[in-house]
Amino acid sequence: MSGFWKPGTEKPRLVDDEEGGVLFFSASASSSSGYGYASMEKQRQRLPVYKYRTAILYLVETHATTIIVGETGSGKTTQIPQYIKEAGWTDGGRVIACTQPRRLAVQAVASRVVEEMGVKLGEEVGYTIRFEDLTKPDVTAVKFLTDGVLLREMMDDPLLTKYSVIMVDEAHERSISTDILLGLLKKIQRRRPDLRLIISSATIEAKSMADFFRTSKKRRELKSMEGGLLMEPAILSVEGRGFNVEINYAEEPVPDYVQATVSTVLLIHEQEPSGDILVFLTGQDDIDASVQLLNEETQTSRKNSSGLIILPLYSGLPRAEQELVFSPAPRGKRKVVVSTNIAETSITLEGIVYVVDSGFSKQRFYNPISDIENLVVAPISKASARQRTGRAGRVRPGKCYRMYTEEYYIKDMPDEGIPEIQRSNLVSCVIQLKALGIDNILGFDWPASPSPEAMIRALEVLYSLGVLDDDAKLTSPTGFQVAEIPLDPMISKMLIASSQCGCSEEIITIAAVLSIQSIWISGRGIQREFDEAKLRFAAAEGDHVTFLNVYKAFLQSGKSSQWCHKNHVNYHAMRKVLEVREQLKRIAQRIGLVLKSCEGDMRAVRKAVTSGFFANACRLEAYSNDGMYKTIRGSQEVYIHPSSVLFRVNPKWVIYSSLVSTDKQYMRNVISIDPSWLLEAAPQFYQQRPNPLH
DNA sequence: CCTCGTCTG
């Protein structure tokens with residue numbers, strides 16, 4: 001091959017990030033404008049995946065499912081859809097789909113492919129993510145989209161008939177949507193022998209992926225279907241372009257991983273040649289603590305550590321601070337990014353040569369008995385550790401420092417993490433399958449089965465919401481309406497009820513706010529100011545009504561970002577609220593809800609909230625001095641979260657929208673109610689319980 | 001009397 005890059009010639013551009021992350025080019029990176037078509041073609045041919053072009057096309061032609069194991073930098077995501085198209089799979093108006101778990105990745109990959117093909121985005125090549133559809137019917141032949149969007153598309157077209165090839169990228173991440181999608185695609189395959197699947201996965205997951213798609217144990221059926229199509233999944237491995245990374249383990253188990261991490265960073269800075277450092281910790285607490293320790297070190301010691309630029313990174317960080325991590329360190333300085341898992345998959349940093357891996361991350365766990373989701377610090381898997389390590393070898397050979405022993409890695413660390421679907425509440429997932437006509441939820445063929453307890457709990461909740469009937473079928477119209485709304489079913493139910501309560505305008509706003517992370521900007525140093533700012537909007541009824549006040553004031557300000565800043569309101573979150581609100585309004589109209597404002601009648605609003613969230617009703621314990629509540633459903637001890645406007649107000653009866661558990665169970669987003677509304681909203685749910693409302 | 005890993009429709 002003559003396609004090697006020589007120093008002094010044009011710089012090879014990094015292509016897409018194979019871990020589904022998005023590359024952010026620093027200001028110094030060369031722009032693409034200077035490249036002609038020929039040179040673009042050359043670049044494409046230099047990618048490792050190019051060697052496998054014929055093999056991939058052959059496998060896709062002859063196998064129903066092809067599993068591609070692609071290492072970092074192989075070029076699979078951008079190239080394979082193009083190969084498939086060049087081979088004629090889009091002839092006759094058929095479409096190739098390529099899914100990604102994340103929106104940013106969809107956009108990044110689509111624009112790269114558009115550039116390589118020299119076409120306009122939204123024509124031949126397009127993408128669809130929530131709120132953004134850049135595709136043209138009958139024109140778009142290659143379509144990038146999120147897993148979630150493809151799932152939604154199945155509601156209108158369960159067999160996904162317009163697609164000839166579906167590539168599921170980053171399947172090893174095992175997100176809930178990916179897992180549901182894989183289960184459904186396997187089902188579709190039986191009805192559509194013309195459909196081809198390409199599943200891209202990391203090495204470690206490839207075998208279990210193949211096992212899953214090995215449809216039948218009967219050999220005859222397995223070997224071939226009509227037309228000589230092989231049902232046995234093919235596996236193809238494509239090497240990557242990552243550099244070698246030397247791994248260093250702790251010699252002894254580490255008692256305090258934050259401390260160990262900090263010491264390691266300082267040691268690297270003292271002893272190793274230049275190159276940026278990426279540290280993986282678990283959350284804001286860890287990160288702030290270690291950033292502070294590192295800063296102290298920088299200030300007290302006069303010698304080496306002064307050349308360090310220490311930057312935290314987590315999703316809760318304000319946008320401007322997040323962006324700091326992408327600017328290159330000034331000459332002679334070394335950048336240290338202290339990050340959560342966000343840097344493991346979602347964000348790619350250039351210039352990282354050293355990785356420090358604490359060996360932990362925060363993971364969600366769900367207890368179907370208490371119906372509570374918890375976030376806990378837990379050891380990562382080998383797959384995760386490898387991924388973290390790989391982050392060091394993107395620009396040149398790197399080093400990874402693991403804050404655990406080699407023995408621990410080999411003997412105790414699990415190969416793969418627990419798929420998200422086995423750690424989550426399943427209500428949304430169950431309703432989606434029901435809407436697709438899958439009646440036997442317990443018998444569904446999952447890549448990883450959720451626990452029967454979790455399934456049963458989800459069915460119970462949906463039954464009590466009136467979404468499922470006695471035969472566990474979707475009710476009409478409520479069940480079908482709830483399935484149509486892209487929100488948590490409790491929020492959707494609240495929305496539908498608001499149509500009857502005559503307060504849908506208000507509830508749509510509340511639904512939009514509840515479906516995003518938080519509309520407030522909080523920070524450690526500004527706690528008191530923040531509380532004061534919040535008091536300006538505080539409503540006696542509770543947080544939901546407070547949201548309405550914030551939204552109203554935001555509109556009155558002319559949707560001003562300065563106004564947001566002054567009031568500790570997150571401007572980006574409010575833009576998102578506007579966006580979700582518009583979408584919900586459209587859906588509400590489509591499914592025949594009455595759009596109406598209650599003109600300040602907050603009883604109506606509280607009743608509508610109760611209709612969706614009655615299962616989260618709590619009563620203040622009569623003799624409780626510390627604001628202890630008990631849930632009506634399970635007599636769980638819960639407390640109002642200090643961030644709530646009802647903190648220390650403690651009304652007798654409240655409903656919450658979610659629980660956060662730390663040292664205690666805290667209710668977030670709390671509203672006061674009248675207990676008689678509970679019986680009204682869910683007679684079957686509350687009558688079964690022995691005298692709950694005395 | 002105190003906080004929240006990351007995503008998605």
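So you know, we letter chains A, B, ... as the sequences are listed, proteins then strands, and number each from 1.
For A:Ile342, whose side chain is taken as the heavy atoms from C-beta onward, the closest listed nucleotide among B:dT8, B:dT6, B:dG5 is B:dT6. Checking B:dT6, B:dT8, B:dG5 against the side-chain heavy atoms of A:Arg102 singles out B:dT8 as nearest.
In this structure, A:Arg668 does not pair ionically with A:Asp543, as no charged nitrogen and carboxylate oxygen lie closer than 4.0 Å. One finds a salt bridge joining A:Arg364 and A:Glu420 here, because a Lys/Arg side-chain nitrogen approaches an Asp/Glu carboxylate oxygen to under 4.0 Å. Using a cut-off of 4.0 Å between Lys/Arg side-chain N and Asp/Glu carboxylate O, A:Glu170 and A:Arg102 are scored as not salt-bridged.
Here A:Thr340 lies in heavy-atom contact (under 4.0 Å) with sugar-phosphate atoms only. Residue contacts shown for A:Phe131 are absent, as no nucleic acid heavy atom lies under 4.0 Å away. Among the atoms of the strands shown, none is found under 4.0 Å from any heavy atom of A:Ser175. At a threshold of 4.0 angstrom between heavy atoms, the contacts of A:Asp147 with the nucleic acid are absent.
In this structure, NZ of A:Lys664 is placed 14 Å from P of B:dC4, rounded to the nearest angstrom.
Between A:Tyr404 and A:Tyr409, the angle of the ring planes stays under 30°, which puts this pair in the parallel group of the 30/60° scheme.
Heavy-atom neighbours of A:Gln589 CD from other residues, nucleotides or ligands within 6.0 Å: above the threshold of 12.
Checking the phosphate oxygens (OP1, OP2) of B:dC4, no side-chain nitrogen or oxygen of A:Ser315 falls inside 4.0 Å. Residue A:Arg364 places no side-chain N or O under 4.0 Å from the OP1 or OP2 atom of B:dC7. A sub-4.0 Å separation between OP1 or OP2 of B:dG5 and a side-chain N or O of A:Tyr314 is absent.
Near-neighbour residues of DNA chain B inside residues 481-491 of chain A, defined by a heavy atom below 4.0 Å, number-ordered: A:Pro486, A:Leu487, A:Asp488.
A:Thr178 and A:Glu173 form no side-chain donor-acceptor contact under 3.5 Å, judged by distance and modelled atom types alone.
Residue whose closest nucleotide on DNA chain B sits further toward the 5' end, between A:Ser643 and A:Gln583: A:Ser643.
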